[in-house]
Amino acid sequence: LNELGMQVADLEPGLRSQLGLGASIEGVVVQSIHPRGRSHRAGLQPGDVIVRANRKPVRNVDGLKAIVTESADELLLRIRRGDARLFVVL
């Protein structure tokens, strides 16, 4: 998702284990953030798990891309960061 200044990946089993996430958690994990991108300015961090975008569940990278494509100006993300649940607006 270069237009948002971040790279994301599907939650594969190895990644789930590394992040301490159960099998019931769906979403995509932020792998990297461009230092001058919208995601960086909004406070996203590598390792954040995006679980919802514009109040719709995110199950994989393609699903997130579809939501981004259909969104207007702003994008509301629900993320998991460790044990915390946060909202971020891009």
Side-chain angles (χ1 to χ4, degrees):
L1 294 168
N2 290 328
E3 64 272 19
L4 300 178
M6 66 177 157
Q7 296 293 322
V8 296
D10 291 333
L11 276 176
E12 301 295 336
L15 213 46
R16 284 180 187 283
S17 176
Q18 183 180 359
L19 295 170
L21 299 173
S24 64
I25 303 298
E26 293 183 327
V28 298
V29 65
V30 176
Q31 291 190 308
S32 65
I33 299 288
H34 188 280
R36 294 189 184 120
R38 289 170 57 188
S39 297
H40 181 264
R41 287 190 302 272
L44 281 170
Q45 300 175 7
D48 286 348
V49 178
I50 301 170
V51 295
R52 297 182 77 79
N54 286 351
R55 303 191 189 281
K56 297 176 184 175
V58 172
R59 292 184 171 82
N60 53 42
V61 173
D62 289 337
L64 178 58
K65 286 180 181 179
I67 295 168
V68 168
T69 299
E70 70 186 27
S71 72
D73 294 330
E74 291 185 334
L75 187 66
L76 175 66
L77 300 178
R78 177 80 165 153
I79 64 168
R80 292 177 62 115
R81 180 178 293 156
D83 293 331
R85 311 302 185 267
L86 308 165
F87 284 104
V88 174
V89 178
L90 297 180

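Just so we're clear, the structure is a prediction, and the values are computed from it rather than from any experiment. Residues: numbered from 1 along the sequence shown. We use all heavy atoms of the structure for the numbers below, so side chains are in, but hydrogens, waters and symmetry mates are not.
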At their closest point, which heavy atom of Leu19 faces which heavy atom of Gly47, and how far apart are they?
CD2-O, 4.2 Å
Are Val8 and Leu44 connected, step by step, through hydrophobic side chains (Ile, Leu, Val, Met, Phe, Trp, Tyr) whose heavy atoms are closer than 4.5 Å?
yes
Decide whether Val51 and Val68 are clustered together by the hydrophobic rule: side chain heavy atoms of Ile, Leu, Val, Met, Phe, Trp, Tyr closer than 4.5 Å, transitively.
no
Same apolar cluster: Met6 and Leu86, side chain cutoff 4.5 Å:
yes
Residues which pass side chain to side chain contact (heavy atoms under 4.5 Å, CB included) with Asn54, listed by chain and number, not counting sequence neighbours
Ile67, Ser71, Leu75, Leu76
Rounded to the nearest 0.5 Å, what separates atom CG in Leu64 from atom CG in Leu1?
5.0 Å
Looking at Arg38, Arg41, Glu3, which hits side chain to side chain contact (heavy atoms under 4.5 Å, CB included) with Leu90?
Arg38
Under the salt bridge (charged side-chain N to carboxylate O under 4.0 Å, His left out) definition, can you give me all pairs with a residue in residues 80-90, not counting sequence neighbours?
Asp48-Arg81
Is it the case that the side chain of Ser17 and the backbone of Pro13 share a donor-acceptor pair, with hydrogens and angles ignored and the cut-off at 3.5 Å?
no
Shortest non-hydrogen separation from Ser32 to Pro46 and the atoms involved:
CA-CG, 4.3 Å
Hey, does the side chain of His34 reach the backbone of Gly5 with a donor-acceptor pair shorter than 3.5 angstrom?
no
Residues in salt bridge (charged side-chain N to carboxylate O under 4.0 Å, His left out) with Glu26, at least two apart?
Arg59
Would you confirm whether Arg16, through its side chain, and Leu21, through its main-chain N or O, come within 3.5 Å as a donor-acceptor pair?
no
Path from Val49 to Ile79 over hydrophobic side-chain contacts below 4.5 Å
no
Looking at Asn60 and Val28, what are the two nearest heavy atoms and their distance?
C-CG1, 3.3 Å
Partner of Gln7 under side chain to side chain contact (heavy atoms under 4.5 Å, CB included), picked from Val29, Val30, Asn2, is Asn2
For the side chain of Asp10 and the backbone of Val61, is there at least one donor-acceptor N/O pair under 3.5 Å apart?
yes
To the nearest 0.5 Å, what is the distance between CZ (Phe87) and CZ (Arg55)?
6.0 Å
Heavy atoms of Ile33 and Ser39 approach each other most closely as CD1-CB, 3.8 Å
